[in-house]
**Student:** 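My questions will all concern the structure given below.
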There are 2 protein chains.
Amino acid sequence: MDYDSLKLENQLCFPLYASSRKITKLYRPILEPLGLTYTKYITMMALWEKDNVSVKELGEKLYLDSGTLTPLLKKLENQNLIIRKRNPEDERNLIVTLTKKGKNLKDEALKVPQEISSCINISPKDAKELHRLLHLILKQ
Amino acid sequence: MDYDSLKLENQLCFPLYASSRKITKLYRPILEPLGLTYTKYITMMALWEKDNVSVKELGEKLYLDSGTLTPLLKKLENQNLIIRKRNPEDERNLIVTLTKKGKNLKDEALKVPQEISSCINISPKDAKELHRLLHLILKQ
DNA sequence: TTATATTAAATTGTGTCCAATTTAATTGAA
DNA sequence: TTCAATTAAATTGGACACAATTTAATATAA
């Protein structure tokens, strides 16, 4: 019987899972002064790219559903970073809009990618290749 | 001002995080008939490779701490897959041992990697490269 | 020896994630 | 039209993750 396929070392998902958590952990102390968690941070990144979007659209971009986003967006609203408002054209849709404070946070956030990249030791070539492979999985 | 570093598309962590969750989601329905979650599954894989290990050793292998492992191991014990026992030589250590049922589950689990790999479309070459890059991050 | 330091698990509290269900609004077919 | 389907968020409940603290056992230095 061949049990090799059950060895941790031969898994692809396990290092994916472990390294994802490892890097999220790196973000924690860097984001904490901005009042953001990692999930809040990627949500803000999505909004900095495109404002006035529905929860559905945000969820598609972030690969998250309303079960995760609804409470998260409520917290961001409590922090006065966003406003949540129903779309008058179609009240089923909730539109998320950045506040002035939310927009201004972008400048403070500029240092985050810098600090992170100084923590992760990977060559530009490897980074590009990793990026390609991850999107390969994500896009199927 | 250059905001490109804040675009989701330019992140390395974001696709890592998103694809990790995506693949964990693939495991859910496959592991469910075995009574396992993904975290339980990797814990069992570690134990199938090496039995009679402490929580600390298990945590080092899985990159998890006692805050995650303690409740998880209690559940696995309730399922009669493992036994938890203090080491008489040093009562601080808790030793985790597979039961007969836990050992037998390995044969059932053999089909899991097969089913998963049929869901993920990646060439052997790309898989090998992805494996290398993830371990590069994990090992630093 | 004995008080202090260290170590290993367990506990506590917060923040996700997600499946499944519910609620409310809109669409569409008879 | 009108009632059944569809859609978008919100809610609920269960399972992690992890920082920080606590508890208990062991090691060590004065």
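Order of the sequence lines sets the chain letters (A, B, ...), proteins ahead of strands, with each chain counted from 1.
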**Student:** Look at A/Glu91 together with A/Arg86 and state whether they make a salt bridge at an N to O cut-off of under 4.0 Å.
**Tutor:**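 Salt bridge flag = no for A/Arg86 with A/Glu91.
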**Student:** Any idea how A/Trp48 and A/Tyr41 line up, ring-wise: parallel (<30°), tilted (30 to 60°), or perpendicular (>60°)?
**Tutor:**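 A/Trp48 and A/Tyr41: perpendicular rings.
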**Student:** Which comes earlier along DNA chain C counting from the 5' end, the contact point of B/Asn93 or that of B/Pro71, where each point is its nearest nucleotide?
**Tutor:**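 Checking each residue's closest nucleotide, the 5'-ward one belongs to B/Asn93.
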**Student:** Any salt bridge between B/Glu60 and B/Lys56, counting N to O under 4.0 Å?
**Tutor:**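 Salt bridge flag = yes for B/Lys56 with B/Glu60.
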**Student:** Just do the salt bridge (charged side-chain N to carboxylate O under 4.0 Å, His left out) check on A/Lys74 and A/Glu77 with the steps written out, would you?
**Tutor:** CA-CA 5 Å; A/Lys74 285 181 180 173; A/Glu77 189 171 45; over 6 Å; no
**Student:** Starting from P on D/dT7, measure out to NZ on A/Lys56 and report it in whole angstrom.
**Tutor:**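 Taking NZ of A/Lys56 and P of D/dT7, I get 8 Å after rounding.
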**Student:** Report yes or no: do B/Thr97 and B/Asn52 form a side-chain donor-acceptor pair below 3.5 Å?
**Tutor:**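 There is such a pair between these side chains.
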**Student:** Honestly, is B/Lys22 close enough over A/Tyr63, meaning NZ or CZ under 6.0 Å from the six-membered ring centre and within 45° of the axis?
**Tutor:**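 Not flagged: B/Lys22 not positioned over aromatic ring of A/Tyr63.
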**Student:** Indicate yes or no for a side-chain donor-acceptor contact from A/Glu115 to the backbone of A/Ile30 under 3.5 Å, with no hydrogens or angles considered.
**Tutor:**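 Such a contact is absent between A/Glu115 side chain and A/Ile30 backbone.
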**Student:** Under 4.0 Å from a heavy atom of chain A: give me the 5'-most and 3'-most nucleotides of DNA chain C that qualify.
**Tutor:**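 Here the contact window of chain A covers C/dG15 to C/dT26.
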**Student:** Strictly under 4.0 angstrom, non-hydrogen atoms only: write out the protein contact profile of nucleotides 14-20 of chain D, one letter per nucleotide from the 5' end, B, S or -.
**Tutor:** -SSBBS-
**Student:** Please indicate whether B/Lys101 has more than 12 foreign heavy atoms, meaning atoms of other residues, nucleotides or ligands, lying under 6.0 Å from its NZ.
**Tutor:**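 It does: B/Lys101 NZ has more than 12 such atoms within range.
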**Student:** Could you tell me the separation between the CG atom of A/Leu94 and the C1' atom of D/dT7, rounded to a whole number of Å?
**Tutor:**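 Distance, rounded to whole Å: 14 Å.
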